[in-house]
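Below you'll find the structure, written out as structure tokens, and then a few comments.
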There are 2 protein chains.
Amino acid sequence: MDTRPKRQRAADHRVADRRVAERESALAPDQTERLKLGALDGHLGYFLRRLQVSVFKDFIRTLAPMDVRPAQYSVLLLIEANPGRSQAVIGQALDIERARLARLLHGLEGRGWIERRAADGDGRSHSLHLTRAGEKALMRIKALTARHEAWLAEVLGSKRRLLLMDLLKEFG
Amino acid sequence: MDTRPKRQRAADHRVADRRVAERESALAPDQTERLKLGALDGHLGYFLRRLQVSVFKDFIRTLAPMDVRPAQYSVLLLIEANPGRSQAVIGQALDIERARLARLLHGLEGRGWIERRAADGDGRSHSLHLTRAGEKALMRIKALTARHEAWLAEVLGSKRRLLLMDLLKEFG
DNA sequence: TATTGTTATACTCTATAACTATA
DNA sequence: TATAGTTATAGAGTATAACAATA
């Protein structure tokens, strides 16, 4: 088995690909060639989206044992940090439509992780709380998200991760 | 009607909200209060997602006159920069599932913006090209995306926009 | 009248599987 | 047998509209 660092082996690969490409270029077009980005290269949204998608993919993969998705996780954390608030308030803070939040909360309620109590002053609104089971689940969930952030720090470098975070936080 | 820039009116709004909040704080809990982020504050993905969503929202709003969405735009640019390539190659570069790309391309073909020609060596694959109408449409589309990027530079500051872009580009 | 939560619908995007025609 | 493209289906997320209960 090849025990050299992954970077080294990947470099070999690229060289081998190029050799094959050059050898075959008279016969078939090289389908492994990097495409030109063209005008896409000037769009922040494109690169922002690429990183966001790969971060969410790792999140979902890492959290699979608890079957928790990013939106569910963010709602659990916000209820934990702000117990007793209404759906309207939670939804506004996370920019989740109230219709969507209603169904999402039904899911969390069905799993026994949250409960809705009648709000004190207002018969229309529910006050949201974690159950004991929800608190326990959230502890296990947080253990997994810590692994996710560790992966991110490894991929981005922890300095760049923090720099990115600071830049992005300025637009809450 | 208030014809001042939206930012100006939004600022008025925040000030008014705070005044109301302070006046009523003795009677009712302040529902406009910023919620605590809790553990969400340590997650890069959360802030990444927030900016990405607002950038895409502005893109879709700005491009509404041409009815073009981000994925369609990225495909048009990639075909422009790499005419004659196959769907498989374009899809891989943009990380779009071939099933999804097939339908997306049908839409662009139906609008007369792209065409698929039989590929030279391989009867299975199509070679993708912009039509003249597609080139003309793309010119108008680019004029709109320039407005979108100008908005971004205004919101983020053009220095921060470039800094962010450089940071994100390192992970293509 | 306005707001809170709910259900329902439609559309986009993602993820699969199955199919065809070519290779 | 593998690959390119297609169709179909299911789920998540977004955006609306309409409704009941309450303010």
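No experiment lies behind these values; they were computed from the predicted model shown. A note on names: the letters A, B, ... follow the listed sequences, proteins ahead of strands, and every chain is numbered from 1.
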Separation of atom [atom1] in [X] from atom [atom2] in [N], rounded to whole Å:
{"X": "D95(B)", "N": "dC13(C)", "atom1": "CG", "atom2": "P", "value": "14 Å"}
{"X": "H126(B)", "N": "dA21(C)", "atom1": "NE2", "atom2": "P", "value": "12 Å"}
{"X": "R100(A)", "N": "dC11(C)", "atom1": "CZ", "atom2": "C1'", "value": "15 Å"}
{"X": "Q52(B)", "N": "dC13(C)", "atom1": "CD", "atom2": "P", "value": "11 Å"}
{"X": "R49(B)", "N": "dC13(C)", "atom1": "CZ", "atom2": "P", "value": "12 Å"}

Mind jotting down which residue pairs meet the ring pair (Phe, Tyr, Trp, His ring centres under 6.0 Å) criterion with at least one end in [range]? Sequence neighbours excluded, please.
{"range": "residues 75-103 of chain B", "result": "none"}
{"range": "residues 84-131 of chain A", "result": "none"}
{"range": "residues 64-85 of chain B", "result": "H43(A)-Y73(B), F59(B)-Y73(B)"}

| request: Starting from the 5' end of DNA chain D, give me the residue, S127(B) or I96(A), whose nearest nucleotide shows up first. | output: S127(B)
| task | Hey, which sits more toward the 5' end of DNA chain D by its nearest nucleotide, G123(A) or A99(A)? | result | A99(A)
| task | Show the numbers, then the answer: is there a salt bridge (charged side-chain N to carboxylate O under 4.0 Å, His left out) between E115(B) and R117(B)? | result | CA-CA 6 Å; E115(B) 58 180 9; R117(B) 304 182 190 148; 2.8 Å; yes
| query | Residues two or more places apart in sequence or in another chain: which of them pass salt bridge (Lys or Arg N to Asp or Glu O under 4.0 Å) with K142(B)? | reply | E80(B)
| Counterpart residues, salt bridge (Lys or Arg N to Asp or Glu O under 4.0 Å), relative to R111(A) (two or more places apart) | none
| query | Which of residues 55-71 of chain A have a heavy atom under 4.0 Å from DNA chain C? | reply | K57(A)
| query | Between D95(A) and K57(B), is there a salt bridge with N-O shorter than 4.0 Å? | reply | yes
Contacts of [X] that satisfy side-chain contact (heavy atoms from CB on, under 4.5 Å) - sequence neighbours left out:
{"X": "R124(A)", "answer": "D122(A)"}
{"X": "V155(B)", "answer": "W151(B)"}
{"X": "A153(B)", "answer": "S158(B), R161(B)"}
{"X": "L163(A)", "answer": "L167(B)"}

| Which residue, R103(A) or S125(A), contacts DNA chain C at a nucleotide closer to its 5' end, judged by nearest heavy atom? | S125(A)
| message | Reading DNA chain D from 5' to 3', where do the contacts with chain B start and stop? Cut-off is 4.0 Å to heavy atoms. | response | dA2(D) to dA15(D)
| field | Contact under 4.0 Å: H106(A) side-chain N or O vs dG5(C) OP1/OP2 | value | no
| message | What contact category does E97(B) fall into here, base, sugar-phosphate, or nothing, at under 4.0 angstrom with non-hydrogen atoms? | response | base
| message | Classify A119(B) by what it touches in the nucleic acid, base, sugar-phosphate, or nothing, heavy-atom distance under 4.0 Å. | response | nothing
Strictly under 3.5 Å: I want the nitrogen or oxygen pairs between protein and nucleotides 1-3 of chain C, one per line.
| unit_1 | atom_1 | unit_2 | atom_2 | d |
| --- | --- | --- | --- | --- |
| dT3(C) | O4' | R124(A) | NH1 | 3.3 |
| dT3(C) | O2 | R124(A) | NH1 | 2.8 |

